[in-house]
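First up is the structure itself, then whatever we jot down about it.
Being a predicted model, the structure only gives us computed values, none of them experimental.
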Amino acid sequence: MPAPKNTFKQALKEGHAQIGCWVGLADAYAAEVMSTCGFDWLVIDGEHAPNDLRSLRDQLQVVSPSDSHPVVRLPIGETWMVKQVLDAGAQTVLIPMIDTAEQAAEMVRACRYPPEGVRGVGSSLARASKFGEIADYLHSANDEICLLVQVESVEAMDNLDDILAVDNVDGVFIGPADLAASMGHLGNANHADVVATIEDAVTRITNAGRAAGILITDLNAAKRYLDLGATFVATGIDVTLLANAGRKLAADSKALIV
């Protein structure tokens with residue numbers, strides 16, 4: 001029995017657009033709710049949400065059986081972190097703050113078993129192999145791991161072509177907020193220079209035959225990036241969806257008071 005098929009990775013390879021949402025409430029119950037909403041993929045965020053390995057695992061347990069593919073974003077690109085979330089059952093990881101081809105190549109190695117990589121061989125006690133039930137896991141896992149690297153700085157944009165040349169990087173995700181800050185436009189990801197840089201990056205990524213991704217809550221902008229060739233686009237964040245809906249309801253309800 002081989003490792004489970006990564007349908008998200010296959011969709012990216014075939015160029016089928018995937019619409020996603022961020023999951024930052026750091027709770028399995030909330031993640032399960034989001035998994036019923038119809039998104040193609042959900043990012044379980046370990047960078048800015050208060051998650052640890054156990055809460056990431058708990059959310060993988062409820063999202064994985066759904067039609068929404070779970071993507072785990074790590075706090076930073078550290079090999080030991082990649083090892084832990086892959087063993088916990090993640091098949092797709094998003095690594096923030098990748099600025100160089102060398103960093104991207106290090107993450108490729110972290111995701112793959114020897115001799116192609118340095119992933120630790122401990123699958124018999126891991127969720128990833130169903131605790132040893134998947135007999136051929138070690139020999140099939142590499143093909144089903146999907147690595148997404150996040151480029152979100154001026155340095156990353158300068159090195160983008162080199163990053164795109166790294167084998168086994170399945171997708172390149174653009175982080176508009178950090179990119180804007182790096183370009184001197186903190187808090188203004190809609191600045192014309194930032195938008196132009198993002199559009200250029202999406203074009204370069206797709207022209208290199210890689211999947212391009214972005215988080216953008218403006219649906220008009222999301223459509224523009226999809227038209228440019230972006231393949232995996234997240235259009236919302238559960239935290240802001242809840243906060244905005246709650247604030248509106250509170251304001252509308254208080255307006256009833258004469």
Side-chain angles (χ1 to χ4, degrees), residues 8 17-77 81 84-85 88-98 148-153 171 173-182 185-191 194-195 198 213-223 225-226 230 232-254:
F8 177 78
Q18 302 291 291
I19 300 298
C21 190
W22 238 247
V23 175
L25 288 168
D27 181 84
Y29 200 69
E32 188 172 17
V33 171
M34 293 303 297
S35 76
T36 70
C37 293
F39 290 103
D40 298 311
W41 57 292
L42 295 172
V43 173
I44 304 171
D45 191 7
E47 183 182 15
H48 295 301
N51 277 304
D52 59 17
L53 181 60
R54 287 176 180 269
S55 67
L56 292 172
R57 175 207 59 194
D58 292 349
Q59 291 168 84
L60 284 167
Q61 287 175 322
V62 298
V63 176
S64 294
S66 78
D67 291 332
S68 299
H69 181 79
V71 176
V72 173
R73 180 164 74 166
L74 293 177
I76 195 169
M81 291 183 182
Q84 286 192 329
V85 297
Q91 281 194 298
T92 301
V93 291
L94 172 60
I95 311 297
M97 300 292 182
I98 296 297
L148 310 174
V149 299
Q150 191 162 336
V151 292
E152 45 192 338
S153 69
F173 184 88
I174 301 164
D178 284 283
L179 178 60
S182 179
H185 304 294
L186 179 63
N188 186 12
N190 292 319
H191 189 282
V194 178
V195 172
I198 292 172
I214 194 168
L215 166 62
I216 194 82
T217 57
D218 180 327
L219 293 185
N220 290 325
K223 180 65 165 64
Y225 294 130
L226 286 164
F232 58 111
V233 177
T235 55
I237 305 168
D238 62 350
V239 174
T240 55
L241 290 171
L242 176 61
N244 290 341
R247 289 166 185 153
K248 184 178 186 305
L249 178 60
D252 291 346
S253 299
K254 288 185 176 182

Quick one: [atom1] on [X] to [atom2] on [Y], what's the gap to the nearest 0.5 Å?
X: L25; Y: D238; atom1: CG; atom2: CG; result: 3.5 Å
X: R73; Y: F173; atom1: CZ; atom2: CZ; result: 7.0 Å
X: I98; Y: S153; atom1: CD1; atom2: OG; result: 10.0 Å
X: M34; Y: I44; atom1: CE; atom2: CD1; result: 11.5 Å
X: D52; Y: R57; atom1: CG; atom2: CZ; result: 9.0 Å
X: L249; Y: K254; atom1: CG; atom2: NZ; result: 11.0 Å

[Y] backbone acceptor or donor facing [X] side chain under 3.5 Å:
X: T36; Y: V33; answer: yes
X: D45; Y: G24; answer: no
X: D40; Y: G20; answer: no
X: S66; Y: V63; answer: yes
X: S35; Y: E32; answer: yes

Item to check | Working for side chain to side chain contact (heavy atoms under 4.5 Å, CB included), residues L148 and F8 | outcome: CA-CA 11 Å; L148 310 174; F8 177 78; 4.1 Å; yes
Checklist entry - Parallel, tilted or perpendicular: which fits the ring planes of W41 and W22, with parallel below 30° and perpendicular above 60°? => result perpendicular
Next on the checklist: Among residues at least two apart in sequence or on other chains, which ones pass side-chain contact (heavy atoms from CB on, under 4.5 Å) with L53?
Outcome noted: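 Residues passing side-chain contact (heavy atoms from CB on, under 4.5 Å) with L53: Q84, V85, A88.
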Next on the checklist: Please enumerate all residues that pass side-chain contact (heavy atoms from CB on, under 4.5 Å) together with N188, with sequence neighbours excluded.
Outcome noted: H185, N190, H191
Would a 4.5 Å heavy-atom cut-off, applied to side chains only, mark [X] and [Y] as touching?
X: Y225; Y: I174; result: no
X: T217; Y: T240; result: no
X: M97; Y: Q150; result: no
X: E152; Y: P96; result: yes
X: I237; Y: L215; result: yes

Over all heavy atoms of both residues, which pair between [X] and [Y] is shortest? Give the atoms and the distance, please.
X: V149; Y: L94; result: C-CD1, 4.4 Å
X: P75; Y: M81; result: CD-SD, 3.7 Å
X: A234; Y: C21; result: CB-N, 4.2 Å
X: L186; Y: A181; result: CD1-CB, 3.7 Å
X: I19; Y: T235; result: CG2-OG1, 3.9 Å

Next on the checklist: Taking side-chain contact (heavy atoms from CB on, under 4.5 Å) as the criterion, tell me which of T92, L60, V62, V43 meets it with P70.
Outcome noted: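 Looking at T92, L60, V62, V43, the match for P70 under the side-chain contact (heavy atoms from CB on, under 4.5 Å) is L60.
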Checklist entry - Do N51 and S55 have side-chain N/O donor and acceptor atoms under 3.5 Å apart? => result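 Indeed, the side chains of N51 and S55 share at least one donor-acceptor pair under 3.5 Å.
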Checklist entry - What do you reckon, is CG of D67 surrounded by more than 12 foreign heavy atoms closer than 6.0 Å? => result no
